Amino acid sequence: MDVPIEYFVLLSMALFSIGLFGILTRRNALLFLMSVEIMVNAANVNLIAFAFYHGNLTGQVFALFAMALAAAEVAIGLGIVLVLYRNFRDVDVTVPTTMRW
Amino acid sequence: MTNRPRLRLGQSLAPGVLAVALFGAMAMIVLNTGFADEMVGFPAGISVTSEIGYALFDFTALQSAEGSIGDTEPFLAAFLLVAVVLDAALDAALVLAKRETEGEPVAALSSRTGATPGTTGSDQVAATDGSGRRRESADESAASDTAAESGGDS
């Protein structure tokens, strides 16, 4: 286990950039949710890598909490997608315009 | 026809360039940061999983007695807060999934609209009771229910 910390941080930043690209380009609400999950997982990779780097477990426990919050966020997000489909017969996020500004 | 992935350079070119530029900038910053070469790591012979459990439930006596993984904070308050947040998320998901037909909320787990326990009508009668006339009326009410449902949620 002698992988330097830079590689973990680079992996995390690559995941974050992929998630950001997905959020900026996709129009499907489900793919939006997936992109947000990729960005949350990038943060988790950083937390666990730096927990190992510093030799204490705070980062690992905090990553567990981040996963629980991501689960809560997905529950709300899927409910919103359900309401979106029920009202607009579509999950395209550019269709509903009344709450945009 | 083949269905190979294609590089779409239309609308997604600018976000792609932005994401790659952000990655490049962050990578430059990280590669120029002087991290220590050696990671501290965890000592051998100590169960990381049980140490995480002790940190989650504030077992500081066990933490100090068993392990030498130091400086791990107790997290019991955060654990309880996350439990409350997950419960609230479950409730909110149920509220969002609930339908309303003609102003009456329909529970997410009931399969029929208007089949509350108090109502005793022809729509409660099963279609297999042998009476053709009652089955016919049950079918009619079911059809009107579906019509109201499809009109109500648009």
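Treat the numbers as computed from the prediction; the structure is a model and nothing was measured. The sequence lines fix the lettering, A, B, ..., with proteins before strands; numbering per chain opens at 1.
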With chain B, the option among A:T25, A:L20, A:V61 that has the most non-hydrogen atom pairs under 4.5 Å is A:V61
Q | Whether A:F65 and B:F75 hold their rings parallel, tilted or perpendicular, with breakpoints at 30° and 60° | A | tilted
Of B:D87, B:V48, B:L90, B:L81, the largest count of non-hydrogen pairs under 4.5 angstrom with chain A goes to B:V48
Turns out that what part of B:A36 lies under 4.5 Å from chain A's heavy atoms comes down to both
If one checks every heavy atom of A:L69 against chain B at 4.5 Å, the contacting part turns out to be side chain
The interface call for A:Y85 against chain B, heavy-atom contacts under 4.5 Å, is neither
Honestly, the part of A:L64 sitting under 4.5 Å from a heavy atom of chain B is side chain
Q. Is there a donor-acceptor pair under 3.5 Å between the side chain of B:D58 and the backbone N or O of B:L76?
A. yes
Highest number of heavy-atom pairs under 4.5 Å with chain A among B:A92, B:A88, B:A83, B:A27 belongs to B:A27
Counting neighbours of OH on A:Y7 that are heavy atoms of other residues, nucleotides or ligands and sit closer than 6.0 Å, is the number greater than 12?
no
Whatever's closer than 4.5 Å to a heavy atom in chain B on A:F16 counts as side chain
message = Are there over 12 heavy-atom neighbours, none belonging to A:F50, within less than 6.0 Å of that residue's CZ?
response = yes
Per-residue tally against chain B (heavy atom, under 4.5 Å) across A:A71, A:G77, A:A72 peaks at A:A72
Can you say whether the rings of B:F57 and B:F79 are parallel (under 30°), tilted (30 to 60°) or perpendicular (over 60°)? perpendicular
Practice item. May I ask you to decide if A:F8's main-chain N or O and A:S12's side chain share a donor-acceptor pair within less than 3.5 Å? Key: no
Pair count under 4.5 Å, heavy atoms only, with chain A: among B:V82, B:I52, B:L18, highest is B:I52
The side chain to side chain contact (heavy atoms under 4.5 Å, CB included) partner of A:Q60 among A:T58, A:N56, A:L57 is A:L57
